[in-house]
Visitor: 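Sharing a structure, written as structure tokens. Questions coming.
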Amino acid sequence: MEQRDVFAAQQSPRQASPRPGPRQEYVDAFDDAHFGRIPVQRESPQGHSSPGGRDGQAEREAGAGDSGGGRRAGSRLRRRESWGRTLAGLASAAVVTVLVVVAAARIAGGGDGGEQTAPPVPAPQTREPQARGPEAPAETSEPPERPPAFEELMGTPFEMDPDFTGSGELAPVPGSDPAPDPDAQTIVRYRVDVETGLGMEMEPEFFAEAVHRTLNDDRSWTNDGERSFARVSRGEYDFVVTLASPGTTADWCARSGLDVTVDNVSCNSSATERVMINAWRWARGSETYGDDIHAYRQMLINHEVGHRLGYDHQVCPEEGALAPVMMQQTKFLTIDGVTCRANPWPHPEN
């Protein structure tokens, strides 16, 4: 056997054992194209470079002959190559570890490989106070007050001093109310004035409404289409229904020769344009009507306007009959021993 063959035979057992170095999967994953590995060039004994590896090793061993020095040199070369492969494997593993760490940092930071900073801690969320509308009134055991309805006001008495004298200033109530029956034979136009500063718990508009409703009721002076009443606040009118304090009422009634101070009553001041309604009577009523102040107020309007329309006083026709509206019901319901029942309407049968 030649010396080359003997050396090769001696190499066989060593080749069968695995070499130390990186695992094959790392080497396969990162080849020379990724890391630019350049094969190690070694000087041959003849001064020519030859690639490292088994072929170069064989040539050097063949050139060295069968001397012991050649075998020792070959052994040293093999140890150096084995140690170089180990170092290369460790370097490859380190590169893989660095790449894995960089990739994980990119994924976690979402950046492009620059300096990674911790994500900012979000500021604590504060709830903005919601805009609210006006606060609802606190619930109480009593319902909220509402303006009194017309019927309620008509049945409510008011406080007033029977000797009260007001300002004397009589102001027309603004607005107008048309005649309900424009085809009536006569349209009676009237105005409503109220003395300022009466101090009663009522509005001038309420008094004006009471007059208009009363006069245009079918039981009043409409006389089945003979008349219809229209309220105006300016322009032409036939008379003025006036609500005034007792002192002012007495003054206007005296201008027509009437003394109303004895019983503190109302009057039709025929020498003037005014039908005077005594505010103390309007507020308090009369004994003859008792608690039915609503009906008394209707009678007071119909009686005084009846005088303006030309009707005179009447007496009770028979016992127990309805009193004529032109009877002086504020003062009495009995005359000459005959007593009638209170009645506010000229035509109660309607």
Side-chain angles (χ1 to χ4, degrees), residues 148 153-175 190-212 214-215 231-234 237-309 311-313 325-333 342 344:
L153 284 174
M154 283 292 282
T156 302
F158 306 112
E159 293 296 331
M160 178 171 282
D161 184 350
D163 297 326
F164 174 56
T165 299
S167 65
E169 180 182 354
L170 306 175
V173 178
Y190 71 96
R191 195 180 78 197
V192 173
D193 288 0
V194 174
E195 185 175 11
T196 61
L198 287 180
M200 293 189 300
E201 298 179 7
M202 54 175 287
E203 296 293 334
E205 289 76 12
F206 161 64
F207 178 71
E209 183 178 359
V211 173
H212 194 71
T214 299
L215 292 179
R231 183 178 74 87
V232 299
S233 56
R234 57 187 174 183
Y237 52 85
D238 297 302
F239 55 87
V240 181
V241 179
T242 305
L243 180 66
S245 64
T248 302
T249 297
D251 177 61
W252 280 91
C253 291
R255 298 181 190 189
S256 298
L258 301 173
D259 182 5
V260 296
T261 60
V262 177
D263 296 304
N264 212 356
V265 293
S266 306
C267 79
N268 170 44
S269 182
S270 55
T272 71
E273 59 187 4
R274 299 187 181 278
V275 174
M276 300 301 300
I277 303 298
N278 188 321
W280 180 75
R281 287 294 183 180
W282 178 265
R284 302 305 304 167
S286 68
E287 292 182 5
T288 53
Y289 274 75
D291 294 333
D292 193 0
I293 195 169
H294 185 155
Y296 174 80
R297 289 169 176 167
Q298 291 170 325
M299 185 277 299
L300 194 56
I301 293 169
N302 279 325
H303 182 92
E304 300 304 338
V305 170
H307 281 308
R308 178 62 62 163
L309 294 176
Y311 296 94
D312 294 328
H313 284 146
V325 75
M326 296 309 298
M327 183 178 178
Q328 292 177 294
Q329 297 180 58
T330 295
K331 296 180 179 180
F332 46 77
L333 289 175

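Computation of the quantities below employed the complete heavy-atom set of this structure, encompassing side-chain atoms and omitting hydrogens, waters and symmetry-equivalent molecules. We count residues from 1, following the sequence as given.
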Visitor: Would you tell me whether Ser286 and Thr330 have side-chain atoms, one donor and one acceptor, within less than 3.5 Å of each other?
Guide: no
Visitor: For Cys267 and Leu258, work out which heavy atoms get closest and say how close.
Guide: CB-CD1, 3.8 Å
Visitor: Below 4.0 angstrom, N of the basic side chain to O of the carboxylate: do Asp238 and Arg308 qualify?
Guide: no
Visitor: Quick one: does Thr249's side chain have a donor or acceptor within less than 3.5 Å of a partner on Ser245's backbone?
Guide: yes
Visitor: Classify the side-chain pair Thr242/Arg274 by whether it contains a donor and acceptor separated by less than 3.5 Å.
Guide: yes
Visitor: Quick one: CG on Leu309 to CG on Leu215, what's the gap to the nearest 0.5 Å?
Guide: 8.0 Å
Visitor: How close do Cys253 and Val260 get, heavy atom to heavy atom, and via which atoms?
Guide: SG-CG1, 3.7 Å
Visitor: At their closest point, which heavy atom of Ala295 faces which heavy atom of Pro344, and how far apart are they?
Guide: O-CB, 3.4 Å
Visitor: Contact between His313 and His303 at the side-chain level, heavy atoms closer than 4.5 Å - yes or no?
Guide: yes
Visitor: Counting distance only, does the side-chain N/O of Ser256 pair as donor-acceptor with the main-chain N or O of Ser270 below 3.5 Å?
Guide: yes
Visitor: Do you know which two heavy atoms are closest between Thr248 and Glu195, and how far apart they sit?
Guide: OG1-OE2, 2.8 Å
Visitor: In this structure, is the centre-to-centre distance between the rings of Trp282 and Phe207 below 6.0 Å?
Guide: yes
Visitor: Short question: side chain of Thr288, backbone of Phe332 - any donor-acceptor pair under 3.5 Å?
Guide: no
Visitor: Less than 4.5 Å apart, side chain to side chain, heavy atoms only: is that true for Pro162 and Arg284?
Guide: no
Visitor: For Ala171 versus Thr196, what's the shortest heavy-atom pair and its separation?
Guide: CB-CG2, 4.2 Å
Visitor: Set out, in order, the CA-CA distance, both residues' side-chain angles and the distance that settles side chain to side chain contact (heavy atoms under 4.5 Å, CB included) for Leu243 and Leu198, then state yes or no.
Guide: CA-CA 9 Å; Leu243 180 66; Leu198 287 180; 4.1 Å; yes
Visitor: Between Asp163 and Trp280, is any pair of side-chain heavy atoms under 4.5 Å apart?
Guide: no
Visitor: Would you say Asn268's side chain and Val275's backbone share a donor-acceptor pair under 3.5 angstrom?
Guide: no
Visitor: Could you walk me through whether Tyr289 and Met299 satisfy the side chain to side chain contact (heavy atoms under 4.5 Å, CB included) test, starting with their C-alpha distance in whole Å, then the side-chain angles of each, then the deciding distance to 0.1 Å, before giving a yes or no?
Guide: CA-CA 10 Å; Tyr289 274 75; Met299 185 277 299; 3.5 Å; yes
Visitor: Run the side chain to side chain donor-acceptor pair (under 3.5 Å) check on Tyr296 and Gln329 step by step: do they pass?
Guide: CA-CA 9 Å; Tyr296 174 80; Gln329 297 180 58; over 6 Å; no
Visitor: Do Val173 and Glu205 have side chains that get closer than 4.5 Å, going by heavy atoms?
Guide: yes
Visitor: Given 3.5 Å as the limit, does a donor-acceptor pair link the side chain of Thr214 with the main chain of Val211, or not?
Guide: no
Visitor: So Tyr190 and Phe239, would you call those rings parallel, tilted or perpendicular, with 30° and 60° as cut-offs?
Guide: parallel
Visitor: Show your reasoning for whether side chain to side chain contact (heavy atoms under 4.5 Å, CB included) applies to Arg231 and Tyr237.
Guide: CA-CA 9 Å; Arg231 183 178 74 87; Tyr237 52 85; over 6 Å; no
Visitor: Considering only heavy atoms from C-beta outward, does the side chain of Val192 approach that of Val240 to under 4.5 Å?
Guide: no
Visitor: Compare all side-chain heavy atoms of Arg297 with those of Arg281 and state whether any distance is below 4.5 angstrom.
Guide: no
Visitor: Using distance alone, with no hydrogens and no angle criterion, decide if Glu304 and Ser266 have a side-chain donor and acceptor under 3.5 Å apart.
Guide: no
Visitor: Restricting to non-hydrogen atoms, name the atom on Ile293 and the atom on Ala283 that form the minimum distance, rounded to 0.1 Å.
Guide: CD1-O, 3.3 Å
Visitor: Quick check: does any side chain N or O of Asp263 sit under 3.5 Å from a backbone N or O of Val265, one acting as donor and the other as acceptor?
Guide: no
Visitor: Are the side chain of Arg191 and the backbone N or O of Val241 linked by a donor-acceptor pair below 3.5 Å?
Guide: no
